[in-house]
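Worksheet: the structure to be examined is printed underneath.
The first residue in the sequence is number 1, and the count goes up from there.
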Amino acid sequence: MMPTARPAPDDLMPPRAPLDMREQRFDACAPARGALPRWRVSDLLWRVGAFGPALLITLSLIAGVIRWFDAGGFTLQEGIVVLLIGMTFIWVSLSVSAVVLAIVRLWLGRGRETRARGGPQRVALLVPIYNEDPTAVLGNVAAMRAELARGPRKDSFAFFVLSDTQDPSIAAAELRAVRLLQDDGDVPVHYRRRARNTDKKIGNINDWIMGWGADWEAMIVLDADSLMTGAAIRQLADALARDPDAGLIQSFPALISAETLFGRMQQFATSVYGWLLAEGLALWSRNEGNYWGHNAIIRTRAFADSARLPYLRGRGGRPELILSHDFVEAGMLRRAGWAVRFLARPGGSFEETPATLVDYVLRDRRWCQGNLQHLRILAARGFHPITRFHLLQGAVAYLLSPAWFALLVVWSAFLPMAQGPVSYFNPANPLYPVWPQMSRIDGVWFLVFIYVMLLLPKIVAAALLAQSRGVVALYGGAGRFAATTAVEIALAILYAPIMMVQQTVAVVRALAGAPNPWAPQQRGAAQYGWMTLVRFHWLETALGAVLLAGMFAGLLSAWLTPVAASLAGAVVLSRLSGVKVSGAPGPFRLDTPLSLRAPRVERCARVERARIAKALETPEAAAIAAE
């Protein structure tokens with residue numbers, strides 16, 4: 001049994017200021033505060049603009065498919081395909097219409113904030129951690145503290161490092177690092193460690209609220225890898241102070257510090273395409289936005305009064321913790337009459353990303369398990385319809401993968417597009433081709449349509465950025481930007497089938513109740529051994545081999561070749577995902593403005609991490625912690 005670390009000394013926290021948290025229920029809700037209207041005409045117009053085109057695109061596609069299929073008699077297999085197409089393309093179409101909505105908003109221009117700001121606030125920056133690298137976490141805290149010290153402060157701030165660390169050596173290092181930070185800087189850094197990580201992250205946050213929350217009007221929740229500039233922190237605080245109806249305001253974090261191929265793929269994608277999808281999401285969400293668990297500001301008393309979550313009833317009647325609690329907490333705040341908003345494009349809000357495909361999949365399994373829980377609370381009393389949609393969308397994001405997989409299997413196995421070779425010339429009249437009559441959809445064109453719909457948001461966003469010479473210059477010039485965009489799209493196509501299978505596995509694991517233990521995220525460059533990758537990706541490899549053999553034997557349609565090749569090469573592609581590309585030549589570096597020139601807060605964090613790491617090696621640091 002692992003020895004337990006000593007609790008943190010009391011002098012590392014301010015005096016207690018308890019704030020009561022009332023546990024909520026899903027089958028009943030307290031009366032809402034009543035200040036926020038449930039529906040507004042402007043909200044309805046933006047939502048019709050988002051959901052209307054998505055429904056029309058999907059219904060048009062379904063009608064076309066039925067018409068083609070019906071020409072030769074409608075079979076059960078074709079009916080299954082139509083159902084699966086409807087289930088999958090409505091969500092793809094929604095992302096396309098959200099992009100169109102964002103473009104319309106850009107053309108119309110953005111209105112300015114006219115409401116007066118409220119008085120000074122006390123804002124706590126909470127950093128919940130669990131067995132993380134203390135130098136990385138406290139280095140980030142030191143960098144953000146230095147950022148806050150540079151600019152004007154209408155509000156007062158303090159950091160709270162809330163440790164659930166169970167490893168005694170890591171806990172000791174956390175304590176030494178906090179002691180070092182307390183020796184300098186005018187923004188306080190407090191530290192509290194729980195002996196047991198009861199209820200995981202949500203229990204950690206709730207413990208702080210019930211112990212110290214009464215003294216703080218607002219809290220900014222950060223992750224261990226979160227970084228925010230002083231300007232971004234102040235912008236969140238200002239937005240909350242200007243909007244007395246706001247209970248939570250979520251920023252859109254950009255990805256930074258990626259060095260591997262897979263990490264740079266994600267960093268480039270969010271840099272080029274993510275902002276447009278985020279803009280569209282903010283437009284149709286309005287005051288019924290969502291919460292992603294970090295880089296967001298929350299009104300402390302609003303959260304305490306309305307967002308303490310109950311347990312779900314698990315297998316055998318045992319209480320079950322809600323894992324993806326952030327979506328539900330946003331819904332509870334809105335149910336109580338508080339606005340939940342997205343702050344589109346504030347800038348200066350950052351996070352890191354998993355370095356390899358394996359690390360991404362392991363994180364995805366935990367998210368999948370939590371998001372599927374949301375299906376069990378869709379009927380909770382008092383939730384706004386848009387809240388229910390957010391909960392459903394989070395679950396469907398994972399259920400789409402088995403749906404796509406089923407669609408590909410059914411279409412390729414039961415609806416072959418061609419029966420043998422096509423002959424275009426008749427021996428009796430060899431000079432004139434005879435074109436085949438198309439009574440069914442050509443599988444190649446169907447695959448092309450799938451990829452066009454999936455890639456359209458990326459293509460549109462890249463085209464918009466390409467119109468600005470100044471922006472493109474930040475990516476290394478027009479030629480480098482175009483080449484890097486092409487490389488990222490090609491890699492996304494290669495990795496998509498692997499993610500489809502892995503997310504299908506995640507859904508099966510979640511439904512079977514398989515555990516997904518939590519471990520600190522691997523964010524730096526890392527490589528897994530070949531045998532580890534073979535064991536991890538055996539299913540994709542086997543499926544790819546079966547598909548290739550089926551096509552070679554003429555049993556499956558050849559249009560599945562891109563999918564089959566990707567699955568068969570899953571082990572090699574997974575190995576490539578962890579290759580360090582930050583120093584590679586050409587577009588394979590997948591450079592972004594944030595990789596070509598790291599933000600000041602990121603550069604400061606690197607310096608602070610090195611300083612803390614060096615200081616922790618000295619005997620004086622151990623003596624400071626022992627005091």
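- For an aromatic pair to be called close, the ring centres must be under 6.0 Å apart, and Phe327 with Tyr291 fails this.
- Other residues, nucleotides and ligands contribute more than 12 heavy atoms inside 6.0 Å of the CH2 atom of Trp91.
- Under the 3.5 Å distance criterion, with hydrogens and angles disregarded, a donor-acceptor pair is assigned to the side chains of Tyr273 and Glu488.
- Ring centroids of Trp284 and Phe389 are separated by less than 6.0 Å, placing the two rings close together.
- Using modelled atom types, one side-chain atom of Gln267 and one backbone atom of Ala258 make a donor-acceptor pair closer than 3.5 Å.
- Asp364 and Gln503 are linked by a side-chain donor-acceptor pair at a separation below 3.5 angstrom, with hydrogens and angles left out of the test.
- Trp292 and Phe252 have their aromatic ring centers within a separation under 6.0 angstrom.
- Ser324 and Asn371 are linked by a side-chain donor-acceptor pair at a separation below 3.5 angstrom, with hydrogens and angles left out of the test.
- The shortest distance between side-chain heavy atoms of Gln250 and Val340 does not fall below 4.5 Å.
- Side-chain atoms of Thr387 and Glu288 form no donor-acceptor pair, as typed in the model, at a separation below 3.5 Å.
- Donor-acceptor pairing under 3.5 Å is recorded for the side chains of Glu602 and Ser257.
- Ionic pairing of Asp27 and Arg381 is not present here: no N-O contact between side-chain nitrogen and carboxylate oxygen is shorter than 4.0 angstrom.
- The pair Glu147-Arg234 fails the salt-bridge criterion, with no side-chain N (NZ, NE, NH1 or NH2) lying under 4.0 Å from an Asp/Glu carboxylate O.
- The shortest heavy-atom contact between Ala254 and Leu594 is CB-CD1, 4.0 Å.
- By the 30° and 60° cut-offs, the orientation of the rings of Phe89 relative to Trp404 is perpendicular.
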Practice problem: Test side chain to side chain contact (heavy atoms under 4.5 Å, CB included) on Val507 and Leu399 and set out the steps. | Solution: CA-CA 7 Å; Val507 169; Leu399 294 175; 3.9 Å; yes

Quiz item: For Met228 and Phe350, what are the C-alpha separation, side-chain angles and deciding distance, and is it a side chain to side chain contact (heavy atoms under 4.5 Å, CB included)?
Solution: CA-CA 6 Å; Met228 295 187 73; Phe350 307 111; over 6 Å; no

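- The pair Asp591-Arg597 does not meet the salt-bridge criterion, since no charged nitrogen lies less than 4.0 angstrom from a carboxylate oxygen.
- Residues Arg341 and Leu248 form no side-chain contact, since every pair of their non-hydrogen atoms from C-beta on lies 4.5 Å or further apart.
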Quiz item: Does the side chain to side chain contact (heavy atoms under 4.5 Å, CB included) test come out yes or no for Glu329 and Ile202, once each step is laid out?
Solution: CA-CA 10 Å; Glu329 289 161 345; Ile202 184 58; 2.5 Å; yes

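- In this structure, Phe268 and Phe481 have tilted ring planes: the angle between them lies in the 30° to 60° band.
- Atom CZ of Arg376 is separated from atom CD1 of Ile322 by 8.5 Å, given to the nearest 0.5 angstrom.
- Checking each of Val272, Leu474, Val460 against Leu465 for a side chain to side chain contact (heavy atoms under 4.5 Å, CB included) leaves exactly one that passes, namely Val272.
- Proximity of a side-chain donor or acceptor of Tyr495 to a complementary backbone N or O of Leu573 within less than 3.5 Å is detected.
- Checking Thr592 against Ser271 by side-chain atom types alone, no donor-acceptor pair falls below 3.5 Å.
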